Enquirer: 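Take this structure first; my questions come after.
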Amino acid sequence: MPAIEVVLYSGAIGLSIIGLAGLLLLNNVFRMLLALVILEAGVNLLLILSGFRLAGVAPILLPEQMSNLSAIVMNDPVPQALVLTAIVIGVGVQALGLAMIMRIKAQYGTLNMLKIREQLEFDLAVQSGVATPVSAHSPVSLASGRERQLSNHKDEQ
Amino acid sequence: MTVLDDLLLFTALASVAIIALRRFASISKFSVVVYALATVLLIKMSALGYGGEPVYSSFTVNVLGQILQWRFDALSWFFALITLVSALLAAFFMSGAWGEKYCKEHSKEAYGLLQVALILNVLSMLVLLASGDLLSLFIGWELVSWASFMMMALNPDKLARKAAIKYIVYAMAGAMAFLMAIAMTYNMTGSLDYVQVMQGMAHLSNSQIALLVSLYVMGFGIKMGVIPFHLWQAAAYAETPGAGAVFMGAISARMGLYALLVVIVQIIGLTRVAAIEIPYTFLDMQNVLAWVGALTTIIPTYIALKQNDARHLLAWHGVGQGGYMLLGVMISDSIGTAGGIMHVFNHATYQAALFMTVTAVIYRTGTSNFSKLGGLVTQMPLTFMVMVVSIIGLAGIPPMNGFVSKWLIYRALLLDGQPLLFVAAVIGTLGTILSVYKLVHNTFLGQLRLEHQEVREAPLSMLIPMLGLAIIIFATGVMPGVVLDWVAAAQIAVGIAPVEHNLGGIELVQGGLDMIWVTGIMFYGFAVGAIIFYVLGGKSKHIHQYDNYAGGHFLTSKVRYHYSNHFYAGLMHMIGGWYRNVFIKLEHALVSLVSFMSQFSENFYRSSQPVMLVAVVVVLALYFVLGSSGGAEVSAGVSLGGFNQ
Amino acid sequence: MNSTSEFVTSEFVTGNVSLADVLPQMILMPLIAFVSGLLMILMYRKIAARLQRRVGPPFFQPVYDIVKLYGKKTQISHGLIHDIGIVVAVGGYVAAVILLPIPGMDGIADKGGIITLSYVLMVPSLGLALGVGQCANPNGSIGISRALTAMLAYDIPFIIVVFGVATHYQSTSLVGMINYQQTHQWGIFEMPLLAAAGLFTLQGMMGKHPFEIYVAPAEIATGPMVEMSGKYMGGLFVMQSFQFYVASVLYASLFLGGGSNWFEFLLKIFFVVEIPIFISFLFPRYRTEDMVRIMWKWPVMIALIGIAFVM
Amino acid sequence: MDNIVLLVVLPLLAAFLMPVVARSSEVLARTLGLSVLFISIAIILNVWNQSGQIDSQAVSIAIGGFLPPLGINFYVDQISLFFALAVPVMVLLFWPWNRSTSIREYSLMMLLTASASGLILSGDLFNIYVFYELLAIASYSLVAIQGRAAAVAASFRYLLMGSVGSVMMLLGIAIIYTQTGTLNLAHLSLLAPEKLNNILGLGSFALILTGMGVKAELFPVNSWVPEVYGSVSSNLAALMAGLLSKLAVIVIVRLLILLFPQPEALQLMAVLGIMGVITGELVAWRAKDFVRMLSFSSIGQLGLVFLAFSIPGEMGMMAGIAIVLHHMVVKPALFMLATGWRGSLENLSGVARRSPFAVLLFIVLILSLLGIPPLPGFWAKYLLMVGLSSQDGSIYTLGMFIVPVAMIIEIAYLFRLVMIMYRKEGDEAAVNNPDIKVAPQSHSKWGLAIAASVAAMLIAIVLQLQPASDKLVSLASQLSDRNQYISTVFPQIHTVRMQSIK
């Protein structure tokens, strides 16, 4: 495998790992979304590379090349088509996620995943009218969360 | 259309009719007629009880390559007879005054539902008894479980609800064990038809049989309430509304024994069971099962001894008596199995009678708590008489029928040379004697309470079935041959040599039993006693209850001069330490375990990083697949960039 | 010690018996039992007296007692069950007596056998319990709860002994056992451990010292007899004489080869009764719990070892 | 036959047209959505009626006249047609009827319909990916659009999990492509025995399973389930639990049959299935409100599905399809009952008096869910147990013990609830937070009607056991028939070639 391909592959894999690590290690939801973007970029790159030929040309078969098919090195078009679609979808999902983050920020006032989860659990419990799953380790945030929730209710009224 | 078709169809239509008509006042009479007619239909098949050919239903279902069929043989007929007669008597019992009171206390709807539950129980039991293959057996099994659950759940009390939910969890566990066993049987033998499974069993190894037997016995044992699955039954049956408890106590739990007879005795065969050695012990599987039976006679009986409520006491005895049946069947010779099967009949008669008497007492006094009863014999002499007859049967003392079946079991144990089992069985009997005396003493004997001065005899609609049962208990005690005929036919049906018997009992060169003579001698003895007492002695004077030796204390109705609390204080002083609620603690431990695991799982689902899980599963999955395939293929498989077209 | 099955053949089993054949036996056997029982009571009291350096009662004292009790004017009944209880208590023993084979009179014994007999022996206790229960006296009920506990105590070793003996003879027929012993060897020599345990049990069954606290004859107000007067007490006295007789005959039949003639028979049963009587007065009385403890410990242990030998 | 394509095209068009049309007339926009659904149903019924051949044979439809493997195709057999029918029918059943629903939601529903139909019909791996992503986007948005703060947060967490999952799936598809050079399922299936029967093939299966598993509630990528179902309306929860998860399962199974012959793939599914069953039921046992209980029960049931499909051979296929179909009707019906019973379980104390009919339906449904004979759920469970016990592997043996344990736990919590429902009213109805408790409301007539018709359907199946079981057998044999798939898509391939594949 030529050196350049090694560099390209390791770059793609590295991007994926960075993205995955970001998703796992970060708590800020916006950063998590960015990590997702990086992960997708890495994987897309990997896909592109799988169809890539070092000295390849665009996969358009010209009439004069018909005689000498085996001599032509073409890039594989299918991965490119795939990646194109994936990028489009990815952008859509990212936009959706971003919109959600804005809503979350507006309603919960935080971007911290841990706090969001606690608040979410609390909200679900409130909705269903059961006791909040209060953990002994985090009484403060939940108690304050509940008060906030109740005051929100009042605001709505 | 065979007679079996008629019977099943009739019962099914009757259940639909009862469901539809449950709000009408005349539903109770209607249901009595239904059970009577069903009994008539069953009696039309009575040739079965004397060794006739099995009656097949013309209705079959072919599903998933499995043919479901239904048929009646002598064993089913025997159980069906008990079922229908119990249902008839229970329906008669609840048709009159008891039903009216129940309507008043609860609602008409509740009474209708009780009738519905009863007919559904009967229908499901008939379906179970008629099953002709393992799958239809399972279907019937589940139907019976759920019909019983419906009956239990009718009582809205908190205790009853708790008992019902406990029951259904246990029943489900049993059903699941049964289902696992069926699935394995299907894969091992390629069929679920009785005959084909029986043939297939012959080719199985001992370890396979051991697995199957353990699963089947677990499934059936839970229904029977054998140790260690005995915790659910007593509370559940005791808290069932009166007339329902009569029926359930008589027959419901015996469905486990029926299935056990069919599957373990008939299909697998006790010789195969006995061939399974339990490692590191001297025991084989059959011994273990016999010991399960023996322990079931002891432990629940002594739990019954501690009960302070008549219904609970009886229900615990119901569990304990199931142990005798299992023990009898597991002795596997003709006398022992005859005893086990016959005990089903005998137990049904006296248990139904006892629940009826207790229900009658509740009907008149409103309670079955021993601390609030006493001295009712003067007010309810006939009920008392029925109870005495039944407890003599329950305790297994001649001349009532309970003695005969227990005698058969003891006799078989003797012939088999099983001293410890014999002793265990006798310990159970002695415990029974103690606790039935507690039952009769604390309800009927002793001092009559002030608030019960006006209590009258139970109404006629309740007395008639009670007295009828008392007569059956006595008559089949004196002439056990009547029942033994059916038992012998049932034994042939499950492939065991029938017991040699005559009208009075067993003829055996090594000491038999002739109940006609024994009863005759006993009554002769009582006559002699009566002569000594009445003829030789002077006339005695009847005095009031308060006219009693009281060590100088002046007795009035305010003084409770009746000993019913801590009845066997001395004995409890001695054996009380052995009541350690081990099984209850075990049950709690299981629940705690589930609770702990549940908490653990919940924390997993609450993880704050959703992606973590994806990553974990990817890594684990890749590790799994890579690990399972070995590294050599990796290099061969990797060909990134290959364009293969 | 094993291989006894050869002894049990059909020759010991009487065939069909007609009522006319056994009617004389049915009349005679209770009478014999009654008379022997009275003599045993007399013997008991005499020996007790001699051990305590008293003269003791005259020969007809037991008869006088019964006549006195029956002749009493105050005969208090607490209801029908009270009466029936006494009838059943006496009648149960009468039935048991008839089911026990004695020399020349074994027509009916085979209809029941040893298992039936041991259960028929529980009938009197139950009858008495019902009768006492009807009296509505807590002292009586306490006594009965103790009596039943005591029954539980001695019946367990008793049943083990019965099982051992029946296993040894491969039979539950008392007639068969006796015939075998008379032609071979007495049970006491073949099964010494079981015989020893049986003797222990016998002590409990008789309801005498040192296991008599449930009857509470000395402190009558706290025992089952508290409401028994006149013929009720008399009935129980009759019952007691049967009780002595049944216990001793049963033991003699199981271990001492019954009796081939009347002299031998009477000698054996009086000898059997004598042993517990002598032991009676050597020990203080046991509380009910202690009785349960001792009965479940020693005789059970000895009997189980004995069974291990006969198996 | 070719108008099957309309099943995807029409809803997709409608989805984009609806907001536009709504500017002029909102009523027209709503009618547009509904009419598209009705047209879809009509098309499928027509296809089914018109050619009886679908019962035994399958049809491949090349889109735009380009034949596979170069062109893309739709594959129509009984299973895919059935699910393609189920999509519009269930969307119609759980259509958000109330007037306050925004047109955007309807539009998203149409998107969901289109992508779901496409997902089940596609005969091409990449199209599956695309439709799957569309479906995901539609469902994220549908969850988020519910408006509550909790719904948005839950949806975001769902989105994170889902998009990482789809990235993994994409990676898996890429690996498959590099190995084989094609993405057509039939073609892949032809090549699979030689090209995918290796470590990379397995790896790609694991990646695809992870990605698809997010939607199919596969353990452990299902932690979104309770959050999402708890925060959305019952209608949407019913649709997601009932339909979408099953579609993902069917696609996974199809890929498994066509592409991955390795036993390790099955074992992986079995392990994850077992974990799903036991954890789902255990947590449901703790649940304090009805919807959460249903969500975890759904996880458990999907675990059963994976376990069933992991059994090699026809028996497993039958068991899997039976459980899938059964759960597909029962769980939505239960969610419909949940509309009236949101809130703490303790609040349901005594509802049996107020709404006896609903409770009766509930009991029938859970009895079937628990597998009580002779209800259809029993036959599914019976097949599962027989299938499990027919296998030797320790995983299957473990499964055979885990499934009953899970059922026992399930019966404990479900019947605890039933007993609460039958409690005398006012009896210990205390709730920890009386100020925020949610009182049980009455059910919508529509929801009750759905539940009642499902219950009636279950009972009808009991009465028609024999035809139903025959149908199941034919479905299973068709789903597990690789050769039919290949020969349908490539009729030119000779049977000789087929022989060699075998």
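Note: hydrogens, waters and symmetry copies are ignored here, and every other heavy atom, side chains too, is used. By convention in this document, chain letters (A, B, ...) are assigned in the order of the sequence lines, proteins followed by strands, and residues within each chain are numbered from 1. Quick caveat: nothing in here was measured; it's all calculated off a predicted structure.
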Enquirer: Contact part of A/V88 toward chain D, heavy-atom cut-off under 4.5 Å: side chain, backbone, both or neither?
Expert: neither

Enquirer: Do A/M113 and D/L160 have side chains that get closer than 4.5 Å, going by heavy atoms?
Expert: yes

Enquirer: For atom CZ of A/R31, is the number of surrounding heavy atoms from other residues, nucleotides or ligands below 6.0 Å larger than 12?
Expert: no

Enquirer: Quick one: CD on A/Q94 to OG on D/S163, what's the gap to the nearest 0.5 Å?
Expert: 8.0 Å

Enquirer: Write down the atom of D/V167, the atom of A/L39, and the distance for their closest heavy-atom approach.
Expert: CG1-CG, 4.1 Å

Enquirer: Quick check on the interface: out of D/A153, D/A174, D/G162, D/A136, who has the most heavy-atom pairs with chain A under 4.5 Å?
Expert: D/A153

Enquirer: Once you round to the nearest 0.5 Å, how far does CG of A/L47 lie from CD1 of D/I175?
Expert: 9.5 Å

Enquirer: Show your working on side-chain contact (heavy atoms from CB on, under 4.5 Å) between A/L124 and D/S231 and close with a plain yes or no.
Expert: CA-CA 7 Å; A/L124 291 179; D/S231 57; 3.7 Å; yes

Enquirer: For the candidates D/A151, D/A154, D/S166, D/P226, which exhibits the highest count of non-hydrogen atom pairs separated by less than 4.5 Å from chain A?
Expert: D/A154

Enquirer: Nearest 0.5 angstrom please: D/E133 CD to A/T85 OG1, how far?
Expert: 10.5 Å

Enquirer: Between A/I89, A/L33, A/L20, which residue shows the highest count of heavy-atom pairs closer than 4.5 Å to chain D?
Expert: A/I89

Enquirer: Looking at A/I116, A/L23, A/L36, which one has more heavy-atom pairs under 4.5 Å with chain D than the rest?
Expert: A/L36

Enquirer: Using 0.5 Å steps for rounding, measure from the CZ atom of A/R103 to the CZ atom of D/F156.
Expert: 13.5 Å

Enquirer: Can you name the nearest heavy-atom pair linking D/A150 to A/L120, along with the distance?
Expert: O-CD1, 3.2 Å

Enquirer: Would you name the heavy atoms of A/A86 and D/L170 that are closest together and state the gap between them?
Expert: CB-CD2, 3.6 Å

Enquirer: Is A/L46 close to chain D through its backbone or its side chain, or both, or neither, when contacts mean heavy atoms under 4.5 Å?
Expert: side chain

Enquirer: Just give me the residue among A/N44, A/L82, A/L96 that pairs up with chain D most often, heavy atom to heavy atom, under 4.5 Å.
Expert: A/L82

Enquirer: Roughly how far, to the nearest 0.5 Å, is the CE atom of A/M32 from the CZ atom of D/R157?
Expert: 8.0 Å

Enquirer: Please classify the contact of D/L159 with chain A as side chain, backbone, both or neither, using a heavy-atom distance under 4.5 Å.
Expert: side chain

Enquirer: Nearest 0.5 Å, what's the CZ-CD distance between A/R117 and D/E227?
Expert: 8.5 Å

